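Input: a single structure, listed below in structure tokens.
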Amino acid sequence: MAQEFTAIHAISLVLIGLLNLVLAVLVPRTRPKTDVLPLAVFLFGIALWTIPQGLLLVETDPTVGFALAKTVDSGAVVMSTGLFQFAMAYAGRKLRKRQLAIIYAVTGAWIVLTWTNPAHFLMHEPMQFTEVLLPVEAYQNPIYWLYVLYNWGLSGAGIYVFFLEYLDARGSGVYHAQARLVVLAPLIPGATNVLAHYGVTEINYSVWGFGATGILIAVALYRYRWLDLVPIARDSVIEGMRDGYLVVDDERRIVDRNPAARALLGDEKIVGQSVTDVLPESRRLLAGTAQELTITRDETTVDATVSTVRDERTEGVVLMLRDVTDRRQAEKRFQALIENVSDVVTVVDGDGTVTYASPSVRAVLGYDPSDLIDESLFDLVHADDRSDAINEFTGLITRSDTEARFVYRVRHRDGSWLVFEGIAVDLLDNGIVDGVVINSRDVTDRIARERELERTNQRLDEFAGVISHDLRTPLGIAQTYAQFAEHSSNEEDFQALHTAHERMETMITNLLTMARTGTTLEEPSPVTIRSVAEDAWSTIWADNATLTCNLEDDWTVLGDRDQLLHVFENLFRNAVEHNDSSVSVRISHLDDDPDRGFVVEDDGRGIPSEHRTLVFDRGHSTTQDGTGFGLAIVRDVVEAHGWRIDVRDRPDGGARFEIRLDSQSELA
């Protein structure tokens with residue numbers, strides 16, 4: 001039955017076309033993205049398809065009618081092409097330039113073919129207007145149906161892609177609302193067009209259906225911020241995440257997951273299963289008793305967190321699964337290195353307060369690591385080194401330098417002092433460390449060996465000097481008087497020769513003594529000082545000298561008895577040989593305190609003040625017959641024991657040698 005159309009029908013079609021035309025102009029301006037240009041093409045095609053159809057309802061001129069009909073045909077193919085391209089861009093499946101060129105070339109060919117139909121009649125026979133909307137032309141040829149199939153194919157493919165995006169966007173709040181509108185916009189006119197074509201409806205309502213298309217697109221754009229929040233390229237974001245996620249509904253069923261979650265859980269078919277069956281450890285997260293937990297599966301370690309998601313229909317949770325296997329292995333390896341390395345690793349804050357101490361501090365310094373936490377690191381540094389340490393530390397955290405090297409004395413738990421060498425690195429700006437990392441080691445033995453080596457080298461130089469100079473002098477004298485004695489047989493010449501030999505023998509003996517003393521003690525043992533002093537005195541031939549020892553018979557010190565014997569022999573010999581008259585030697589405790597040390601003093605003429613600072617130098621002597629090695633040997637032995645010796649004058653005359661056993665504590 002013929003359908004009569006009024007001016008109202010014509011006006012409504014024109015208005016629908018104008019609405020889509022306005023949207024085609026506004027979309028690229030309000031959404032300046034290349035992906036929305038196909039949307040503008042789609043809307044422009046709708047305008048080309050609907051406006052001429054409204055005009056055809058009132059136009060009777062054949063020439064104008066032909067132009068309007070060709071515009072309708074052109075609008076249909078432009079509309080389907082724009083719809084397909086936009087659907088692919090919306091889903092993140094952009095077409096390549098070559099593919100687009102082919103599609104638009106075919107579209108252009110259809111437009112040319114339909115406008116040139118009067119020349120070849122491939123599309124349809126000579127035009128005859130009908131009294132119903134679509135088709136406006138009768139007697140179509142097979143080529144025309146290929147044209148229709150092309151349009152429906154592109155439109156159907158675009159609607160199918162939109163439908164897939166709608167399924168993916170379910171339950172995602174505003175994205176879900178967007179997807180509903182986007183899939184309905186082209187589906188409504190497309191469905192009505194199919195119904196009219198197969199005669200289900202008498203009128204082709206698809207023309208008015210595009211009015212709904214324009215309205216739905218406008219709502220999606222300005223109500224749901226379409227193309228601002230649209231989930232374009234969802235696969236490349238969620239599907240490509242290294243972290244896994246599980247979407248769990250209010251019945252604790254897994255309703256979605258990404259490939260990373262599937263790989264972590266090792267189950268292809270987890271969607272639809274109960275999350276407590278797939279991941280029993282998640283019960284605590286779902287119950288709210290934990291916000292984060294670590295899950296171990298086989299050799300994989302996963303950190304799991306939970307967050308609530310909801311929309312207008314339902315509520316669920318998202319479990320985020322992060323594979324931390326490599327990180328945890330690296331942490332364990334680093335922890336094992338720190339805990340087993342012999343160096344001491346400490347971390348201090350900007351004030352020098354210890355925030356971490358490695359277990360090695362127990363073996364090196366005797367402290368338990370927990371004993372040092374919240375304590376100032378500078379309290380362990382020797383008082384003489386503390387100001388330098390503080391200045392160096394302050395400079396490290398205020399300068400642009402990132403590290404500083406140091407050598408300081410550090411207190412052991414037993415009160416002794418160790419020499420520490422290390423490097424400090426400023427990591428205060430590191431969010432994980434948040435402190436200054438100090439890596440240090442005990443170099444006390446190394447420093448002692450270096451100092452001993454220096455002393456040995458110095459001694460070798462002195463030996464060389466003695467042999468090349470001091471020993472050569474008496475040797476020259478002996479040679480000279482030997483020649484005199486050969487010719488004169490004078491007793492004085494023989495005596496001078498004998499004296500020179502005795503001097504060389506004394507010097508050689510002293511050289512051997514220096515070579516064997518003054519080194520680091522290997523295995524010190526308790527030594528009774530009174531016994532050592534009495535044995536040393538028995539070797540001194542002096543009728544005009546007496547010894548008084550006020551030390552207890554059982555008073556002992558840790559040391560080397562043989563080396564200490566040289567100390568007393570040389571001190572006694574120094575007192576006897578440097579005094580012409582009788583001399584009394586006295587041994588007593590320093591300040592009457594056995595812990596302080598002992599004193600060897602005599603009542604002779606003493607040591608002149610100008611010589612007092614030189615008496616311990618090798619080769620220095622105040623007499624012509626002296627070798628200058630006696631007191632040098634005394635100093636070497638005393639220092640090898642870790643003690644200190646000073647020379648002073650007695651108030652009532654004589655020389656006084658004070659040997660301090662507590663020299664280290666005094667220096668501290």
Side-chain angles (χ1 to χ4, degrees), residues 382-384 409 411-412 414-417 448 451-452 455 513-514 517-537 540 546-576 578 583-604 606-607 609 612-617 630-668:
H382 196 287
D384 292 346
R409 285 168 289 180
R411 186 180 68 248
H412 191 278
D414 62 10
S416 62
W417 295 96
R451 292 176 178 174
E452 182 60 30
R455 288 194 294 267
T513 302
M514 282 195 298
T517 60
T519 59
T520 303
L521 303 184
E522 296 295 336
E523 296 182 0
S525 58
V527 178
T528 304
I529 295 299
R530 184 183 185 95
S531 172
V532 174
E534 291 174 348
D535 289 346
W537 184 259
I540 303 301
T546 58
L547 173 66
T548 302
C549 184
N550 295 332
L551 303 179
E552 298 83 357
D553 292 340
D554 57 352
W555 184 65
T556 61
V557 297
L558 278 179
D560 185 308
R561 193 179 197 283
D562 292 337
Q563 292 194 32
L564 291 175
L565 192 62
H566 291 300
V567 169
F568 286 101
E569 286 177 349
N570 283 287
L571 289 176
F572 294 159
R573 189 174 292 111
N574 184 76
V576 171
H578 287 76
V583 61
S584 295
V585 180
R586 178 174 174 268
I587 304 175
S588 61
H589 288 300
L590 178 61
D591 299 333
D592 296 326
D593 185 355
D595 294 332
R596 300 268 298 173
F598 58 92
V599 175
V600 178
E601 55 186 348
D602 62 65
D603 59 357
I607 300 175
S609 57
R612 203 169 297 155
T613 59
L614 304 174
V615 293
F616 296 113
D617 291 347
L631 293 182
I633 292 172
V634 170
R635 181 199 61 190
D636 288 346
V637 173
V638 169
E639 291 181 352
H641 281 71
W643 305 337
R644 190 177 76 192
I645 185 169
D646 296 312
V647 59
R648 308 183 189 282
D649 277 342
R650 294 176 71 242
D652 52 353
R656 175 183 172 92
F657 292 91
E658 298 179 352
I659 299 176
R660 299 180 180 272
L661 306 183
D662 58 349
S663 60
Q664 288 186 337
S665 61
E666 282 195 353
L667 287 173

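No experiment lies behind these values; they were computed from the predicted model shown. Counting from 1, the numbers follow the sequence of the chain as shown.
Judged by distance alone, with hydrogens and angles left aside, the side-chain atoms of D414 form a donor-acceptor pair with the main-chain N or O of S416 at under 3.5 Å. Not a single donor-acceptor pair under 3.5 Å links the side chain of R596 to the backbone N or O of L590. With hydrogens and angles ignored, the 3.5 Å screen pairs no side-chain donor or acceptor of R656 with any backbone N or O of V599. Judged purely by atom type and a 3.5 angstrom limit, D602 has no side-chain atom pairing as donor or acceptor with the backbone of G654. Remark: side-chain polar atoms of H589 are not paired, donor with acceptor, to backbone N or O of N550 under 3.5 angstrom.
When side chains are defined from C-beta on, D560 does not count as touching P524, because their heavy atoms never get closer than 4.5 Å.
Nearest heavy atoms, L631 versus L571: CD2-CD2, 3.9 Å. Taking every heavy atom of both residues into account, I587 and A533 meet most closely at CD1-CB, 3.5 Å. Smallest separation of non-hydrogen atoms from I645 and R635: CG2-CA, 4.3 Å. Across every non-hydrogen atom of R530 and E552, the tightest pair is CB-O, 4.0 Å. Closest of all the heavy-atom pairs between D384 and R409 is CB-NH2, 3.4 Å. The shortest heavy-atom contact between T546 and S584 is OG1-OG, 3.1 Å.
The OG atom of S531 sits 12.5 Å away from atom CG of D554, with the distance rounded to the nearest 0.5 Å. With values rounded to the nearest 0.5 angstrom, D636 atom CG is found 12.0 Å from H641 atom NE2. Here OG of S588 is found 5.5 Å from CD of E601. Values are rounded to the nearest 0.5 Å. In this structure, CG on L564 lies 11.0 Å from OG1 on T528, to the nearest 0.5 angstrom. N570 contributes atom CG, which lies 10.5 Å from atom CZ of F572 (distance to the nearest 0.5 angstrom).
Taking the six-membered ring where tryptophan is involved, the planes of F598 and F568 are essentially parallel, since the angle between them stays under 30° and well short of 60°.
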>> I'd like to know whether W643 forms a side-chain contact (heavy atoms from CB on, under 4.5 Å) with R660, so could you lay out the CA-CA distance, the side-chain angles of the two residues, the decisive distance to 0.1 Å, and finally the verdict.
In response: CA-CA 6 Å; W643 305 337; R660 299 180 180 272; 6.0 Å; no

> Hey, mind stepping through T556 and I529 against side-chain contact (heavy atoms from CB on, under 4.5 Å) and telling me if it holds?
Replying inline: CA-CA 6 Å; T556 61; I529 295 299; over 6 Å; no

>> Go through it in stages, so that I can follow the logic: the residues are F657 and V634, the test is side-chain contact (heavy atoms from CB on, under 4.5 Å), and I'd like the CA-CA distance, side-chain angles, deciding distance and then a yes or no.
In response: CA-CA 10 Å; F657 292 91; V634 170; over 6 Å; no

